Amino acid sequence: MADHHPEKNGLSSPQEEHTQYPNGISGSATHAEFGGNELSHPRAQGIFHELHSHDYANGRETVIEESPSGRYAKLNTVLGKGAYKVVYKAIDREEGYEVAWNCFQTTKAEFNDLSLEIKILKQVRHPNIINFHDYWYKDAEFIFVTELMTSGTLREYIRKLSLPNMKIVKRWSRQILKGLIYLHSHNPPIIHRDIKCDNIFINGAHGEVKIGDMGTAKMKLGKKYTVIGTPEFMAPEMYEEKGYSEKVDIYAFGMCLLEMVTGEYPYIECENAPQVYKKVTSGIKPESLKRVQNPDILDLIMHCLDPENERYTAQQIMEHRFLAVEPEVVLLTANSAKTQLTLQVVFKGMDKLSVKFVFNVEKDTAEQVVNEMIEEKVLKNQYRQLVTHEINRILRDINKSTSEDESNKEEHKTSWPAQAATPPFQAGASPHIPPQRSHAHVPPLLDRDSPNSTLSQQQIVIDPQIQPSRKNSFSGGHATECTQDSDDEIPVKEYPDNSPIDEFVREAALATNKDPEKANEWSEKLKSQDIMTVGDLRTLKDEDWQGIGLTVFAMRALKNSLRGKKLRSQTSAISL
Ligand SMILES: Nc1ncnc2c1ncn2[C@@H]1O[C@H](COP(=O)(O)OP(=O)(O)OP(=O)(O)O)[C@@H](O)[C@H]1O
């Protein structure tokens with residue numbers, strides 16, 4: 001088990017975490033020893049104060065300063081002091097919220113130099129990144145107002161919890177990664193450059209985790225040559241003056257994860273920053289890595305610490321088996337005969353990410369449909385068994401409920417007068433399908449389903465935070481499509497019997513956002529069965545269709561087009 005004795009780590013209270021490194025060195029002042037060009041920065045001299053989280057004057061909070069606009073009122077309560085800045089509680093008079101008033105000592109020239117980054121910071125908006133509200137320069141201080149976090153830093157939390165359990169580690173990690181995915185998805189990417197457990201903040205009441213201290217983040221305009229960060233969390237390439245990319249944040253995230261699961265500051269075995277530097281640059285990993293027992297976590301951390309060119313992206317880390325979210329399948333609607341079901345694969349904790357599809361009880365099998373989803377890359381192979389099992393569970397429930405309905409009808413026939421029929425499978429209608437499964441996670445777009453929907457495409461609900469969307473991106477790994485519901489169906493031209501099969505297939509594929517390559521694949525299969533025209537296709541019986549070797553998806557797309565309908569498509573893409 002991890003060694004987590006504050007005394008041993010040289011840390012007896014959260015206060016000291018900022019005044020003394022576990023190595024016995026002082027905060028970011030250690031950057032000086034690596035020849036960084038930030039040495040003249042007043043921050044690098046280290047401002048170490050005794051920390052009082054509530055510094056009341058006369059025992060009560062009072063306003064001691066106002067922002068130039070008058071909107072923000074600084075209170076006499078110190079939330080915390082770091083090596084470089086003092087943070088006060090403040091009030092947003094316009095919104096009535098409490099906010100954090102950050103005072104950062106710097107020269108006017110340095111403030112001006114940072115102006116571009118600061119402007120960018122003001123535009124950064126993500127639920128896992130501390131909101132930056134306003135800023136100004138006054139009396140040798142860069143003052144900025146940010147969202148206030150109520151429960152301290154991740155590092156303090158790790159201490160409080162001793163060692164957080166795996167569920168918490170996963171939840172925290174996913175939130176940090178969502179923030180990083182967002183930052184790195186900017187063009188050019190925003191690099192935080194100082195990710196560490198002290199810079200990740202918690203709102204305990206809701207278990208929210210947000211990346212803070214964005215002051216060091218800079219846009220990657222070409223390669224950067226500035227050494228800045230915290231030695232133990234700095235990727236080797238940050239020490240080399242050759243430039244680095246957003247992957248430095250992934251390395252630092254790996255170190256955070258290591259700290260979360262061992263409760264130990266990485267490279268605690270080093271006595272000073274040069275020792276850390278020597279180890280990092282010669283590829284020696286922190287000792288605490290040996291204490292990571294869970295092989296999945298170890299594998300994940302190793303991917304974060306890999307050399308820059310092999311290192312995972314934030315998105316790849318999110319998809320790693322340790323963090324991947326297990327899907328469940330929910331029943332959305334069914335027709336009155338309970339033969340046509342609209343099901344949805346939901347990835348809990350992945351916001352609104354889900355895959356929706358129609359299941360024909362008489363014709364489809366769970367195995368077949370899951371296979372199709374994997375083939376179409378809307379579902380990863382790793383979920384094959386689980387999703388198949390989930391669909392079969394729903395089918396069993398339906399079977400059971402149908403037989404019970406039948407026997408109830410029999411009973412009613414003999415002992416009760418006819419009752420008003422309850423439409424089956426509406427929210428909570430069936431005693432065998434838990435009500436929360438009926439419409440859980442269905443955003444408004446999908447609520448328009450009619451119980452008799454003939455929708456026959458997989459659908460995905462896009463996390464609105466992930467931008468921009470890509471079109472027609474089935475070929476791109478885990479991309480999926482978003483197709484509107486059946487009430488958006490629009491008629492297309494009727495195909496005469498002598499229409500060439502290639503043209504028909506191409507249009508059917510297009511209507512379901514398949515690329516021309518896919519259309520060719522379908523055409524080839526049809527032509528190999530001597531199906532050369534739409535007329536040939538029309539003569540096929542159900543059993544003939546099965547013999548062509550098309551996926552269920554392809555068959556549905558073609559059959560829909562054959563009926564003279566196509567689905568109006570709107571696409572976006574996202575990775576699962
Ligand atoms: N948004 C916030 N909400 C609540 N408390 C905050 C917030 N930002 C900072 N603090 C408190 O102020 C302390 C100092 O902030 P921070 O650690 O960011 O200072 P720093 O000098 O920039 O960083 P460091 O010393 O880690 O390099 C934090 O430890 C925390 O207790």
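Here the structure is a predicted model, which means the values were calculated and not measured. Whatever order the structure lists ligands and atoms in, that order sets their numbers, starting from 1.
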Closest candidate by heavy atom, reference atom 19 (O) of ligand 1, pool G80, G152, G82, C197: G82

Which residue, I317, L257, L154, N128, forms the side chain to side chain contact (heavy atoms under 4.5 Å, CB included) with I176? L154

Answer yes or no for K196 and F233: cation-pi contact, defined as NZ/CZ to six-membered ring centre under 6.0 Å and angle to ring axis within 45°. no

Short version for K196: what comes under 4.0 Å of ligand 1, heavy atoms counted, is side chain

Only one of K290, R291, R159, R155 clears salt bridge (Lys or Arg N to Asp or Glu O under 4.0 Å) with E264; which? R291

Roughly how far apart are Q275 CD and E269 CD, rounded to 0.5 Å? 9.0 Å

N or O contact, M149 vs ligand 1, cut-off under 3.5 Å: yes

Checking the N or O distance criterion of under 3.5 Å, is ligand 1 in contact with N102? no

Are E308 and K242 ion-paired here, with the side-chain N under 4.0 Å from a carboxylate O? no

Partner of T146 under side-chain hydrogen bond (donor to acceptor under 3.5 Å, both in side chains), picked from D134, D213, N102, is N102

Near D213, which atoms of ligand 1 are under 4.0 Å from a heavy atom of that residue? 18 (O), 22 (O), 23 (O)

For L148, take its heavy atoms, then give the atoms of ligand 1 lying under 4.0 Å from any of them. 3 (N)

Examine E147 against ligand 1 and note whether any of their N/O atoms are separated by less than 3.5 Å. yes

Heavy atom under 4.0 Å from ligand 1: found in F104's side chain, backbone, both, or neither? neither

One finds that the ligand 1 atoms under 4.0 Å from a non-hydrogen atom of T146 are 1 (N)

Quick note on ligand 1: atoms under 4.0 Å from a heavy atom of F201 include exactly 6 (C), 7 (C), 8 (N), 9 (C), 10 (N), 30 (C)

Lys/Arg N to Asp/Glu carboxylate O, E237 vs K247, below 4.0 Å: no

Spatial distance of atom CZ (F201) from atom OH (Y157) [nearest 0.5 Å]: 14.0 Å

Under 4.0 angstrom from ligand 1, any heavy atom of K89? no

